[in-house]
Q: 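Structure in structure tokens, see below.
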There are 2 protein chains.
Amino acid sequence: MQTRPKRILIADDEPDILEIIEYNLTREGYDVYTAKDGNEAIERAKQLNPDLIILDIMMPKKTGIEVCQVLRSQTLFQDTLIIFLTALNDEMSQIKGLETGADDYVSKPISPKVLISRVTALFRRINKEEGKSLSIGNIGIDPARFMVTVDNKDVVLAKKEFELLYLLASKPGRVFLRNEILSQVWGTDIIVGDRTIDVHIRKIRQKLGLDCITTVKGVGYKFEL
Amino acid sequence: MQTRPKRILIADDEPDILEIIEYNLTREGYDVYTAKDGNEAIERAKQLNPDLIILDIMMPKKTGIEVCQVLRSQTLFQDTLIIFLTALNDEMSQIKGLETGADDYVSKPISPKVLISRVTALFRRINKEEGKSLSIGNIGIDPARFMVTVDNKDVVLAKKEFELLYLLASKPGRVFLRNEILSQVWGTDIIVGDRTIDVHIRKIRQKLGLDCITTVKGVGYKFEL
DNA sequence: TTTGCATGGTAACAATATGTTTACACAAAA
DNA sequence: TTTTGTGTAAACATATTGTTACCATGCAAA
């Protein structure tokens with residue numbers, strides 16, 4: 001299924017950074033557009049309706065955070081992906097503290113490889129959410145409605161629970177290592193204990209009322225009826 | 001599928017940092033080596049051929065960036081992973097870091113947890129080589145599912161059992177010495193008794209219900225139908 | 001605001017699967 | 001026969017996971 005190239009808007013006031021990112025993302029097959037300050041970012045976002053916006057925090061006219069807030073207040077950009085570029089650690093913590101509605105953060109200095117991997121990861125995540133519902137045996141998983149059904153009866157899962165189940169069910173039978181699960185569901189930077197996975201697995205098993213998740217000791221978990 | 005421990009070279013002129021990183025990564029099971037300036041880093045890299053090099057930017061003799069450039073110019077280090085350690089706000093090194101082809105960066109002050117998570121993430125990304133499934137006669141061995149099938153019936157093996165079987169089956173007919181088996185499945189550091197292999201072999205034979213592993217007395221074992 | 005609830009993370013402990021060693025029987029070779 | 005190596009079962013130790021309870025947080029309703 002061939003889709004149109006994803007449109008990416010980058011806003012940063014440093015031409016070097018802009019150029020490097022543009023070069024790398026273009027090479028990956030994206031349609032890349034640029035803006036060099038906050039106001040231009042908003043303006044171009046409106047005319048381009050990009051799939052992803054990469055915002056530097058420190059920009060003239062409007063900061064990335066302000067841009068994000070402006071955009072998020074409009075329904076058009078409700079689902080647009082936004083990545084923040086941050087230079088400083090305290091910026092990072094500041095952002096994370098705030099409810100900014102960004103989908104990811106990348107700190108400077110930017111490694112093109114890391115950025116690309118984050119971008120593709122984000123698009124992949126979105127594709128999954130848009131992907132049609134999974135149906136394995138008597139279990140239905142509908143990312144669009146964020147719902148799971150067992151024997152056509154609705155089961156309500158919390159966010160993390162759902163994401164975890166969806167990940168496992170996306171490749172039934174395949175074993176997911178604990179590491180894989182952590183980075184896919186929790187992200188690479190977030191550090192949580194090992195027991196966390198167990199607890200969520202348990203909750204899923206409990207709520208679904210059937211044993212569709214198999215433990216592979218010393219390795220990970222897999223979805224299996 | 002125990003692979004040899006990944007080799008990591010850390011270069012930093014601050015002994016404290018070096019020690020903290022070394023301690024944490026060693027505890028994670030990596031083989032860790034250190035260097036305290038740029039020249040030593042290059043030298044040790046050449047003799048060790050590490051899988052990952054962690055370079056502080058600010059070092060005597062040669063900066064991390066220079067080290068990176070030197071190494072990257074050689075085909076041997078073309079695919080070696082490189083992580084930069086950067087102090088905050090170091091704009092210059094940021095820009096140059098981008099051009100030198102580092103795979104990731106971690107900013108100081110260093111959180112061991114974050115560093116470890118980045119390191120494992122990097123290795124995982126590189127490790128796309130998931131073992132291939134084997135199929136010998138009526139036996140199927142699928143590392144992705146961590147499953148063995150005999151006549152299309154699933155057989156559940158424990159981790160070590162699976163790894164052992166996978167090793168033997170990877171080269172049917174070939175005899176693996178007890179030493180080889182130990183180092184491949186258990187690793188070089190771990191010391192276990194001789195009977196341990198026997199016991200696992202026995203469990204595999206038992207679970208598979210057929211004799212596909214042949215004993216070569218005084219030598220080792222081989223997989224054979 | 002306060003309250004209550006849902007969520008998610010963690011610690012502590014229990015339960016269980018797995019791995020290792022021991023001990024000994026047996027078979028083959030010297 | 002003696003020696004050496006291997007198979008087997010059971011005991012033991014350990015690692016891994018399951019489970020529960022508790023706390024912090026955020027959010028929504030009152």
Side-chain angles (χ1 to χ4, degrees), chain A residues 93 96-101 146-148 154-168 175-179 181-182 184-187 189-222, chain B residues 1-2 27-29 113 117 146-148 155-168 175-179 181-187 189-222:
Chain A
S93 49
K96 289 192 171 173
L98 295 173
E99 184 50 39
T100 49
F146 212 81
M147 279 256 77
V148 175
D154 282 352
V155 176
V156 180
L157 294 188
K159 192 177 165 216
K160 282 276 187 291
E161 292 161 12
F162 185 89
E163 288 172 357
L164 179 45
L165 175 63
Y166 191 78
L167 173 67
L168 295 179
V175 177
F176 288 83
L177 312 181
R178 295 179 95 88
N179 273 342
I181 294 173
L182 278 180
Q184 294 281 328
V185 178
W186 274 267
D189 288 340
I190 291 89
I191 317 292
V192 296
D194 249 16
R195 296 274 67 69
T196 301
I197 297 182
D198 302 12
V199 172
H200 284 265
I201 292 283
R202 170 168 188 327
K203 285 179 182 166
I204 294 171
R205 284 171 171 159
Q206 201 168 266
K207 287 189 179 178
L208 293 192
L210 40 77
D211 194 30
C212 55
I213 297 176
T214 306
T215 305
V216 184
K217 274 210 164 191
V219 185
Y221 295 92
K222 63 179 169 179
Chain B
M1 290 145 291
Q2 172 92 11
R27 216 179 38 172
E28 290 292 311
K113 284 189 173 185
S117 136
F146 213 85
M147 281 255 74
V148 175
V155 176
V156 179
L157 294 188
K159 194 182 169 206
K160 281 274 189 295
E161 293 161 12
F162 185 89
E163 289 172 358
L164 178 47
L165 176 62
Y166 189 79
L167 173 67
L168 296 179
V175 178
F176 287 83
L177 312 180
R178 296 179 93 91
N179 277 340
I181 295 174
L182 278 180
S183 65
Q184 294 282 327
V185 177
W186 274 266
D189 304 331
I190 293 90
I191 299 153
V192 295
D194 247 18
R195 296 277 67 72
T196 302
I197 297 182
D198 302 11
V199 172
H200 280 86
I201 293 283
R202 166 168 163 51
K203 284 180 183 165
I204 294 171
R205 284 171 170 160
Q206 201 168 269
K207 287 189 179 178
L208 294 192
L210 42 76
D211 194 31
C212 55
I213 298 176
T214 308
T215 305
V216 184
K217 277 207 160 192
V219 186
Y221 296 91
K222 65 178 171 179

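Chain letters run A, B, ... following the sequence lines, proteins first, then strands; residues in each count from 1.
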Q: Could you state the CG-C1' distance from A:L164 to C:dG9, rounded to the nearest angstrom?
A: 14 Å

Q: Less than 4.5 Å apart, side chain to side chain, heavy atoms only: is that true for B:L168 and B:I181?
A: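 Side-chain contact under 4.5 Å: yes.
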
Q: Quick one: does B:R178's side chain get under 4.5 Å of B:Y221's, heavy atoms only?
A: yes

Q: If we only count heavy atoms from C-beta on, is the B:T215 to B:I201 side-chain gap below 4.5 Å?
A: no

Q: Which whole-number value in Å describes the distance from A:I201 CD1 to C:dT16 P?
A: 19 Å

Q: D:dT8 P sits how many Å from B:I204 CD1, rounded?
A: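 Rounded to whole Å, this separation is 13 Å.
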
Q: How long is the line joining CD of B:Q206 and C1' of D:dT8, in whole Å?
A: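 My rounded result for the distance is 9 Å.
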
Q: Got B:K160 and B:V185 here, is their nearest side-chain heavy-atom distance under 4.5 Å?
A: yes

Q: I need the B:L182 CG to B:D194 CG distance, nearest 0.5 Å.
A: 7.0 Å

Q: Could you tell me whether A:R205 and A:D198 have a side-chain N and a carboxylate O separated by less than 4.0 Å?
A: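 Not counted as a salt bridge, because no side-chain N and carboxylate O are separated by less than 4.0 Å.
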
Q: Do any N or O atoms of the protein come closer than 3.5 Å to N or O atoms of nucleotides 3-6 of chain D, and which pairs are they?
A:
residue: D:dG5; atom: O3'; partner: B:G218; partner atom: N; Å: 3.2
residue: D:dT6; atom: OP1; partner: B:G218; partner atom: N; Å: 2.7
residue: D:dT6; atom: OP2; partner: B:R178; partner atom: NH1; Å: 3.3

Q: Please name all residues satisfying salt bridge (charged side-chain N to carboxylate O under 4.0 Å, His left out) with A:K203, sequence neighbours left out, ordered by chain then number.
A: none

Q: What's the CD1-C1' distance between B:I191 and D:dT14, to the nearest Å?
A: 17 Å

Q: Any side-chain heavy-atom pair from A:M147 and A:V155 closer than 4.5 angstrom?
A: no

Q: Between protein and nucleic acid, restricted to nucleotides 3-8 of chain C and to nitrogen or oxygen atoms under 3.5 Å apart, what atom pairs and distances do you find?
A:
residue: C:dG8; atom: OP1; partner: A:K159; partner atom: N; Å: 3.4
residue: C:dG8; atom: OP1; partner: A:K160; partner atom: N; Å: 2.8
residue: C:dG8; atom: N7; partner: A:K203; partner atom: NZ; Å: 3.4

